[in-house]
Amino acid sequence: MTGRKKGGLLLILVLGLYLLLSGCSSDLLPWARDISQVKLVRTMALDVGDEDLIQVTLSGGLQRQGQGNSDTIPLLLSKQGLTVFGSVQALQTESDGYVEMGHLSDCVIGEALAREGIEGLADFLERDFSMRLGTRLFLLSGDTGESALRLTASKTTALADRLEAVSRNRTYGGKGWSFTVRAYLAETEDNGVALLPVLELADNPDYDPEGQGEQPKKEIHLTGLACLTDQKLTGALTGEESRGASLLSGWDQLDRFQVELPNGTVAGVRLVLCQRRWEPEFDETGRLTAVTARLEVQGELNELTGWADLTDTAVLEALEQGFLSQVAGLAQAALDRGQGDGADFLHIRRQLVYQCPAHSTQLLAHWEDWFPTVELRATAEGRVERSYDVDLPMREGA
């Protein structure tokens with residue numbers, strides 16, 4: 001076939017394809033969409049709406065403008081509906097473009113809605129194809145999620161940035177942030193109990209009403225953990241209980257302790273490693289009688305407020321025992337709180353079932369009866385390391 005014939009045949013094929021496509025219904029072809037009209041959402045807030053409705057508020061990240069133009073605060077969209085799904089769909093009419101939820105990184109739940117129950121949220125996040133199971137979940141104490149999005153927004157920051165920092169800083173050296181949709185669904189499916197981190201709003205000391213929106217009116221802080229039973233908020237853990245639950249669950253390897261030595265000197269010790277194992281005890285009938293949470297920890301001496309001879313064995317023992325006693329005390333506080341509330345938020349049953357297959361049938365059948373009376377203990381073993389002799393000043397070049 002000559003080159004002229006080949007060219008003619010190619011032209012005929014191209015014209016035929018053009019005529020074929022031009023005769024197709026527009027419904028069969030993809031819709032043209034300008035990418036600039038797509039609004040990427042990073043944070044979602046859920047609250048109680050009017051007359052038993054659910055209020056959904058969505059926010060994007062910082063909106064950067066072109067050269068010569070000032071930045072604007074993050075996009076904020078809000079709508080109410082009978083369901084989370086209905087509210088999200090109604091929000092599509094509130095923007096000049098398409099609201100894309102596939103990049104959602106955080107979901108903040110208002111306290112009032114959490115007390116009523118968040119079954120709808122869990123169902124929506126699990127079923128909707130655009131939702132990510134890695135989305136982080138938070139509870140907002142004493143306020144609404146919409147307030148958190150609105151009051152923490154400025155030209156220089158968005159709530160999503162602050163929540164990213166919270167989750168990253170609290171897991172430095174640990175196993176990563178575990179308070180996600182995936183973890184929440186798994187824990188709720190296990191025994192109906194789950195823990196979520198609690199946030200609080202606080203006044204921003206740098207806020208300037210005349211500052212043209214450069215600083216947000218409120219700051220947001222992580223204060224601890226809260227327990228949800230059957231997808232309803234049942235109560236917040238104290239600071240000690242929250243720290244103990246984090247240690248026992250392996251979520252938070254970063255913690256600090258202050259140990260007073262016999263001579264009154266206070267030592268600052270940082271926890272750098274914590275490994276936990278459960279040691280169950282059964283009687284001759286196979287009944288669970290006790291469970292020991294044994295923590296193996298390592299600390300680093302970071303500061304001394306006074307003088308201490310760290311070459312003295314007695315001083316070192318006092319330092320380590322004080323550190324280990326505090327670690328065990330935090331863990332014991334979490335165990336006591338869970339048992340007192342009848343809420344196995346540490347999922348001890350699940351871990352014992354995997355660890356003791358010979359007793360799994362009895363554990364599954366009798367756990368509800370055994371849990372309130374079984375003896376729960378926490379112990380800590382380990383040592384405190386020193387990076388250098390803190391009794392001596394640092395020499396130049398040392």
Side-chain angles (χ1 to χ4, degrees), residues 39-50 54-65 70-80 84 87 91 94-95 99 101 103-116 118 121 135-172 177 179-180 195-226 228 233 235-239 242 252:
K39 305 296 184 182
L40 298 180
V41 175
R42 295 184 59 192
T43 313
M44 176 168 66
L46 295 179
D47 297 296
V48 174
D50 300 330
I54 295 177
Q55 178 174 322
V56 175
T57 308
L58 301 179
S59 174
L62 295 179
Q63 299 191 79
R64 300 296 186 188
Q65 304 298 319
S70 61
D71 295 339
T72 60
I73 62 174
L75 173 72
L76 200 67
L77 303 172
S78 186
K79 205 72 174 177
Q80 296 187 14
V84 177
S87 301
L91 277 168
E94 296 294 307
S95 174
V99 180
M101 303 281 289
H103 292 268
L104 189 73
S105 59
D106 304 287
C107 179
V108 180
I109 306 165
E111 181 177 341
L113 180 62
R115 293 192 180 280
E116 289 189 3
I118 57 173
L121 168 64
T135 299
R136 297 179 289 259
L137 295 177
F138 299 88
L139 289 176
L140 187 66
S141 174
D143 215 320
T144 64
E146 184 273 336
S147 295
L149 286 175
R150 176 170 46 83
L151 298 177
T152 61
S154 72
K155 294 181 180 180
T156 59
T157 184
L159 181 59
D161 301 321
R162 175 57 182 160
L163 296 181
E164 174 67 27
V166 165
S167 59
R168 181 178 63 250
N169 293 341
R170 292 300 297 170
T171 56
Y172 177 78
W177 187 263
F179 303 104
T180 63
L195 293 176
L196 289 183
V198 179
L199 304 170
E200 284 187 356
L201 290 174
D203 292 334
N204 180 10
D206 297 325
Y207 173 67
D208 179 9
E210 306 299 329
Q212 304 299 320
E214 294 297 331
Q215 289 292 332
K217 186 175 183 179
K218 295 285 186 178
E219 294 180 333
I220 199 159
H221 302 285
L222 179 66
T223 61
L225 300 174
L228 283 82
L233 176 63
L237 279 63
T238 66
S242 297
D252 196 350

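No experiment lies behind these values; they were computed from the predicted model shown.
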Close side-chain approach of [X] and [Y], heavy atoms under 4.5 Å:
{"X": "Leu195", "Y": "Leu237", "result": "yes"}
{"X": "Leu199", "Y": "Leu222", "result": "yes"}
{"X": "Arg42", "Y": "Ser59", "result": "no"}
{"X": "Arg136", "Y": "Asp106", "result": "yes"}
{"X": "Leu228", "Y": "Ile118", "result": "yes"}
{"X": "Leu151", "Y": "Asn204", "result": "no"}
{"X": "Gln215", "Y": "Asp208", "result": "no"}
{"X": "Pro205", "Y": "Glu219", "result": "yes"}

Inset, instruction - Could you tell me which residues satisfy salt bridge (Lys or Arg N to Asp or Glu O under 4.0 Å) with Lys218, sequence neighbours excluded, listed by chain and number? - result: Asp203
How close do [X] and [Y] get, heavy atom to heavy atom, and via which atoms?
{"X": "Leu149", "Y": "Leu159", "result": "CD2-CD2, 3.5 Å"}
{"X": "Val48", "Y": "Ala112", "result": "CG2-C, 3.8 Å"}
{"X": "Leu196", "Y": "Phe179", "result": "CA-CD2, 4.2 Å"}
{"X": "Pro197", "Y": "Leu225", "result": "CA-CD2, 3.8 Å"}
{"X": "Thr135", "Y": "Cys107", "result": "CG2-N, 4.0 Å"}

Legend entry - Side chains of Ser147 and Thr144, donor plus acceptor under 3.5 Å: yes
Inset, instruction - Ignoring hydrogens and angles, state whether a donor on the side chain of Ser78 or Gln55 is under 3.5 Å from an acceptor on the partner side chain. - result: yes
[atom1] of [X] to [atom2] of [Y]: how many Å apart, nearest 0.5 Å?
{"X": "Leu58", "Y": "Ser87", "atom1": "CG", "atom2": "OG", "value": "9.5 Å"}
{"X": "Thr152", "Y": "Leu163", "atom1": "OG1", "atom2": "CG", "value": "7.5 Å"}
{"X": "His221", "Y": "Ser141", "atom1": "NE2", "atom2": "OG", "value": "13.0 Å"}
{"X": "Leu201", "Y": "Lys217", "atom1": "CG", "atom2": "NZ", "value": "11.0 Å"}
{"X": "Leu76", "Y": "Thr43", "atom1": "CG", "atom2": "OG1", "value": "10.0 Å"}
{"X": "Met44", "Y": "Ile109", "atom1": "CE", "atom2": "CD1", "value": "8.5 Å"}

